[in-house]
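Take a look at the structure set out below.
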Amino acid sequence: MKYTFAAILILAAFAIYPAFASDVTLKTSQSEYTFPAGEEARVPFVVESSFPKTNVGTLEYTLTRKQSQKGFSFSQTNSQSQSFPISPGSSQNAITLSSADLAEFEVSLYMHYRDSGKDFVSELPPFTVQFVPNQTAQNQGSSGSSQSSKSSQSGSAGSPLTSTTSEEKPAGQGQSSDPFDEMDQQMNALKQQNQQMMQQMLSSKGMSSSGSGSGSQSQNAQQALQNNQMNAQSSALQQQLAQETSQNKKDQQELADKMHQDPLLSQVNQDLKNAGYQQKDGSISAEGKGEGTVSAQYQNDKNQGVSLDGDIQNGSLEKLTASSNESLPIPSSLADDPRYQAEKKNLQQAGYNQTGGTQTITPNETKIDEQYNTLNGKNATISSIIRNGTVESVTVKKEEETPIGWYIGIILLIILICLCCWAGYRYYQKKSIEPEEELPILVEPVDIKTKTEEYLINAEKALGEDRIKDAYVLFGQALRFFISQTKGLGTAYTTEEILSLARNQGMDAKIIAPILERCMMVEYARSTGSSEEATKFIKDIRTFVTDHLPEETVE
């Protein structure tokens with residue numbers, strides 16, 4: 001398939017003067033044009049300039065060709081730029097296109113120019129050019145847009161288009177994906193060179209605002225010389241640009257032809273269409289001879305989409321990757337596999353819903369990963385491998401509901417917290433507990449009964465004065481004093497030692513143990529006592545003393 005893309009510019013003699021603050025506008029009379037296939041088509045556009053003098057700009061063309069072969073649609077994009085004289089007022093221009101086959105083009109025009117030391121771009125919205133069967137174009141009628149051939153008929157539709165102007169970013173603030181960046185740089189260098197020549201002309205001898213006959217002749221001579229230089233440079237640049245454009249188109253078309261014959265792409269494209277998906281977009285991009293990428297977007301009537309991507313190596317596709325945020329269509333061999341059906345049913349019964357999937361497809365093998373999750377965020381994946389049409393394996397990987405490592409970590413953390421709390425408790429307990437007051441060693445016989453009763457009387461007196469804690473301390477001392485004097489050596493003992501001594505001496509520890517423990521709790525403010533409880537304990541101690549008072553006790 002061959003088509004040509006060239007810009008035919010209506011040139012006029014012009015003089016170069018400094019540009020004042022002005023604007024440049026691009027216009028087309030229609031947004032859609034139709035021409036017969038196989039004939040040259042001229043699409044007119046208007047350049048309107050409010051500059052008082054002719055300015056040198058750069059006209060950039062971007063052409064996107066949309067075509068379809070063997071059920072696969074794709075697009076090709078080419079861009080080029082060229083020095084362009086922007087004449088004052090309105091000037092008629094045209095671009096020419098031709099295509100031997102039915103085709104649709106999307107054309108974008110950009111005019112780059114400089115004003116007051118800043119770079120601007122006037123951008124015309126894209127318009128379409130369609131090449132249709134000759135009879136179809138004739139039936140649509142003509143609108144005066146076929147000027148190069150009497151037999152060329154064209155139709156037009158849509159509203160007129162007008163460009164918008166904006167300031168361009170300075171160099172270094174963005175990167176262009178245009179494959180003709182090097183050409184653009186050369187065009188910019190040419191524009192700068194022309195501007196320098198313009199400055200030289202303005203400072204040349206005989207150039208004045210009033211002008212004269214001789215000055216005008218000198219100016220015309222210099223202008224003619226400059227125009228010849230510009231034309232020579234522009235011609236050489238156009239030839240280089242045309243060569244690179246031709247090679248790029250050739251590589252692109254060769255790669256596209258190979259892809260339309262590629263069995264893997266054709267098969268996947270057909271499988272998606274059989275599953276109810278329609279192709280919405282597609283592109284084949286050449287990155288060298290036999291190298292490039294292919295991509296396509298598909299959608300079904302439920303607005304579910306599938307993206308298809310692949311790398312082209314040595315003119316063929318080794319692998320295609322299909323991905324979707326919904327469910328992907330799967331081969332019938334997998335859909336009918338009992339293992340797959342069972343695993344999918346188990347996940348659905350457990351509350352899992354499919355959220356997407358990917359398929360890696362090669363000529364002999366297809367790897368399918370289907371993602372599932374639950375409402376509370378648990379994930380699962382069904383991974384299947386199909387080789388030569390046979391399902392080799394189906395495996396399910398679930399995210400552990402609660403990993404064992406998490407359990408171990410929590411248990412260790414709890415143990416650590418408990419140890420820290422226990423150590424802190426013991427530390428502050430030892431720090432806050434004062435040693436129990438030791439009773440003085442009696443070197444002389446004492447009246448045990450009287451002394452014990454004295455403690456109890458003082459405890460009752462404390463109760464009468466509402467000194468509950470003092471009462472507990474006093475009757476606790478009374479009990480310890482009595483036991484240590486009657487069963488021990490009469491020295492001071494701790495509560496634990498008193499209880500041990502009582503048990504060893506045959507006393508009933510069930511009576512005294514609760515009294516001593518309560519005394520200790522109240523004494524060290526770990527509990528609050530009560531008058532009723534204290535009165536009962538004092539009564540129990542008097543009974544205990546009476547029951548265990550030795551006969552040889554000193555009266």
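These numbers come from the heavy atoms of this one structure, side chains and all, not from hydrogens, waters or symmetry mates. The structure presented is a predicted model; accordingly, all values stated were derived computationally and were not measured.
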Is Leu347 close to Lys345 at the side-chain level, that is, under 4.5 Å between some pair of heavy atoms?
-> no
Could you go step by step and tell me if Ile312 and Ile284 meet the side-chain contact (heavy atoms from CB on, under 4.5 Å) rule?
-> CA-CA 9 Å; Ile312 306 170; Ile284 299 174; 4.2 Å; yes
Determine whether the side chains of Tyr352 and Gln371 contain a donor N or O and an acceptor N or O closer than 3.5 Å.
-> no
So, Thr374 side chain and Lys378 main chain: donor-acceptor pair closer than 3.5 Å or not?
-> yes
Do any N or O atoms from the side chain of Thr358 and from the backbone of Ser323 form a donor-acceptor pair under 3.5 angstrom?
-> no
Which atom of Gly305 lies closest to which atom of Ser324, heavy atoms considered | O-OG, 2.7 Å
Answer yes if the side chains of Ser295 and Asp309 hold a donor-acceptor pair under 3.5 Å, and no otherwise.
-> no
Would a 4.5 Å heavy-atom cut-off, applied to side chains only, mark Thr355 and Asn325 as touching?
-> no
Would you say Ser530 and Ile468 make side-chain contact, with heavy atoms under 4.5 Å?
-> no
Can you list the steps and then say if Asp311 with Thr293 is a side-chain hydrogen bond (donor to acceptor under 3.5 Å, both in side chains)?
-> CA-CA 5 Å; Asp311 291 328; Thr293 60; 5.8 Å; no
Exam field: side chain Arg339 to backbone Val391, donor-acceptor pair closer than 3.5 Å = yes
Candidate list Leu272, Asp271, Asn274, test side-chain contact (heavy atoms from CB on, under 4.5 Å), partner Pro329, passing option = Leu272
If we only count heavy atoms from C-beta on, is the Thr165 to Val121 side-chain gap below 4.5 Å?
-> no
Indicate the atoms forming the closest heavy-atom contact of Ile386 with Pro331, along with that distance.
-> CD1-CG, 3.8 Å
For residues Asn388 and Thr390, is any side-chain donor paired with an opposing acceptor at under 3.5 Å?
-> no
How far does OG1 of Thr128 sit from CD of Glu104, to the nearest 0.5 angstrom?
-> 6.0 Å
Calculate, to the nearest 0.5 Å, the distance between atoms CZ and OG belonging to Phe127 and Ser29 respectively.
-> 9.5 Å
How long is the span from the CZ atom in Arg42 to the CG atom in Asn93, to the nearest 0.5 Å?
-> 9.5 Å
Do you know which two heavy atoms are closest between Ile385 and Lys367, and how far apart they sit?
-> CG1-CG, 4.3 Å
Write down the atom of Glu123, the atom of Tyr110, and the distance for their closest heavy-atom approach.
-> CG-CE2, 3.3 Å
Would Tyr113 and Asp119 count as having a side-chain donor-acceptor pair, cut-off 3.5 Å?
-> no
Side-chain heavy-atom pair Thr366, Leu334 within 4.5 angstrom cut-off = no
Given Leu264 and Leu320, is the side-chain contact (heavy atoms from CB on, under 4.5 Å) satisfied, shown in steps?
-> CA-CA 8 Å; Leu264 182 60; Leu320 277 173; 4.0 Å; yes
Are there more than 12 heavy atoms of other residues, nucleotides or ligands under 6.0 Å from atom CG of Leu375?
-> no
Pairwise side-chain contact, Leu308 with Val268, heavy-atom cut-off 4.5 Å (strictly under) = yes
Shortest non-hydrogen contact from Leu161 to Pro125?
-> CD1-O, 3.5 Å
Just wondering, do Gln278 and Gln299 contact through their side chains at under 4.5 Å, heavy atoms?
-> no
Residues Lys469, Glu523: salt bridge by 4.0 Å N-O rule | no
Does any N or O in the side chain of Thr360 come within less than 3.5 Å of the main-chain N or O of Thr321, such that one atom is a donor and the other an acceptor?
-> no
Any Arg518 side-chain heavy atom under 4.5 Å of Phe537 side chain = yes
Partner of Ser122 by side-chain contact (heavy atoms from CB on, under 4.5 Å), out of Asp23, Leu26, Leu59 | Leu26
Worked verdict on Met111 versus Phe120 for side-chain contact (heavy atoms from CB on, under 4.5 Å) = CA-CA 8 Å; Met111 181 68 75; Phe120 293 89; over 6 Å; no
Flag the pair Phe131 / Phe105 as yes when their ring centroid distance falls below 6.0 Å, and as no otherwise.
-> yes
Hey, what do you get for OG (Ser384) to CD1 (Ile382), rounding to the nearest 0.5 Å?
-> 6.5 Å
Side chains of Tyr372 and Gln348: donor-acceptor distance under 3.5 Å anywhere?
-> no
Under 3.5 Å, is there a donor-acceptor pair between the Ser307 and Gln297 side chains?
-> yes
Gap between atom CG of Leu265 and atom CD of Gln267 - 0.5 Å precision = 10.5 Å
Inter-residue atom distance Glu343.CD - Glu370.CD, 0.5 Å rounding = 12.0 Å
For Ala534 against Tyr472, the heavy-atom pair lying closest together | N-OH, 3.7 Å
Backbone of Asp262 reached by a side-chain donor or acceptor of Ser266 within 3.5 Å = yes
Please step through side-chain contact (heavy atoms from CB on, under 4.5 Å) for the pair Lys397 and Thr395, ending with a clear verdict.
-> CA-CA 7 Å; Lys397 182 179 180 181; Thr395 58; over 6 Å; no
Spell out, as yes or no, whether a donor-acceptor pair under 3.5 Å connects the side chain of Thr28 to the backbone of Gln30.
-> yes
